[in-house]
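Encoded as structure tokens, the structure appears first; notes follow it.
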Amino acid sequence: MDARLDHVARIQAEWARERPDVDVSPQGVLGRLHRLAAHLTEELCVVYRRHGLSEGEFDVLAALRRAGEPFERAPGELARFTMVTTGAMTKRVDRLENAGLVARRRTADDGRGRVIALTPAGRALIDRAFTEHMRNERRLLDALSAEEAELFENLLTSWLARVEPA
């Protein structure tokens, strides 16, 4: 086996040898994309952990911060903005509430609905964490030229639009 081949190419070569009847070319894109996503996720999680957060907790705080004043969302809306189930959302919110970063309260409109709101401590934390997160993402993306990054973004945008509902 050629030592210059990357991990995915080695797997493809093995499958081509063992199953020449199967087209393994999709692994060239999907295998590398999967491996890249795993590496990038780990690099992103380093920042979240530095701020005492899990990836999911960062996601919840960020969704609340993006909502703008008064930095709150209904639980269902929050689940949609973070793409997790309401059950998973409840666990995340419980942890964040116990840490004093969010608060549950009744809506001001009629008092029957509930919202999840950032506390001042939660806002301060997500502002610090997000600033570092963006610096980290810039560092990771700087491995590509500006032209490569733009091309990659356009390709991913096009592909995602075909597989993910609007």
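Sequential numbering from 1 along the given sequence is applied to the chain's residues.
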Counting distance only, does the side-chain N/O of [X] pair as donor-acceptor with the main-chain N or O of [Y] below 3.5 Å?
X	Y	answer
Asn154	Glu150	yes
Thr82	Asp59	no
Asn136	Glu132	no
Arg35	Gly31	no

Under the criterion side-chain contact (heavy atoms from CB on, under 4.5 Å), I'd like the reasoning laid out for Leu64 against Ile126: C-alpha separation, chi angles, the key distance, then a yes or no. CA-CA 9 Å; Leu64 291 170; Ile126 192 58; over 6 Å; no
Please report the shortest heavy-atom distance between [X] and [Y], naming the atom on each side.
X	Y	answer
Gly100	Ala121	O-CB, 3.9 Å
Ala129	Val47	O-CG1, 4.0 Å
Ser158	Arg162	OG-NH2, 3.1 Å
Gln27	Val8	O-CG1, 3.2 Å

Given side-chain contact (heavy atoms from CB on, under 4.5 Å), test Leu44 with Leu140 step by step and report yes or no. CA-CA 9 Å; Leu44 297 175; Leu140 293 167; 3.9 Å; yes
Group every Ile, Leu, Val, Met, Phe, Trp and Tyr by side-chain heavy-atom contacts under 4.5 Å, then state whether [X] and [Y] land in the same group.
X	Y	result
Leu151	Leu40	no
Phe71	Leu61	yes
Leu160	Leu30	yes
Val163	Leu33	yes

To the nearest 0.5 Å, tell me how far Gln12 CD sits from Arg32 CZ.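 These two atoms lie 5.5 Å from each other.
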Rounded at 0.5 Å granularity, tell me how far NE2 in His51 sits from CZ in Arg128.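 Separation between the atoms: 7.0 Å.
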Leu53 vs Leu125 side-chain heavy atoms within contact, under 4.5 Å: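 In short, these two side chains touch, coming nearer than 4.5 Å.
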Taking the six-membered ring of Phe81 as reference, does the cationic atom of Arg73 (NZ for Lys, CZ for Arg) lie under 6.0 Å from its centre and within 45° of its axis?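 Yes - Arg73 lies over the ring of Phe81, closer than 6.0 Å to its centre and within 45° of its axis.
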Should the heavy atoms of other residues, nucleotides or ligands under 6.0 Å from CD of Glu148 be counted, would the total exceed 12?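 For Glu148, atom CD is crowded (more than 12 foreign heavy atoms under 6.0 Å).
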side-chain contact (heavy atoms from CB on, under 4.5 Å) for Leu96 and Ile116? Distances and angles first, verdict last. CA-CA 10 Å; Leu96 293 167; Ile116 311 301; over 6 Å; no
With side-chain contact (heavy atoms from CB on, under 4.5 Å) as the test, would you mind laying out the steps for Arg114 and Arg105 before giving the verdict? CA-CA 6 Å; Arg114 296 245 180 221; Arg105 63 174 184 77; 5.9 Å; no
Side chains of Arg135 and Thr131: do they bring a donor and an acceptor to under 3.5 Å?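 Result is no, nothing qualifies.
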Contacts of Tyr48 that satisfy ring pair (Phe, Tyr, Trp, His ring centres under 6.0 Å) - sequence neighbours left out: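 Once residues adjacent in sequence are excluded, the partners of Tyr48 under the ring pair (Phe, Tyr, Trp, His ring centres under 6.0 Å) criterion are Phe58, His133.
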Do you know which of Lys91, Arg95, Arg92 makes side-chain hydrogen bond (donor to acceptor under 3.5 Å, both in side chains) with Glu57?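 Exactly one candidate clears the test, Arg95.
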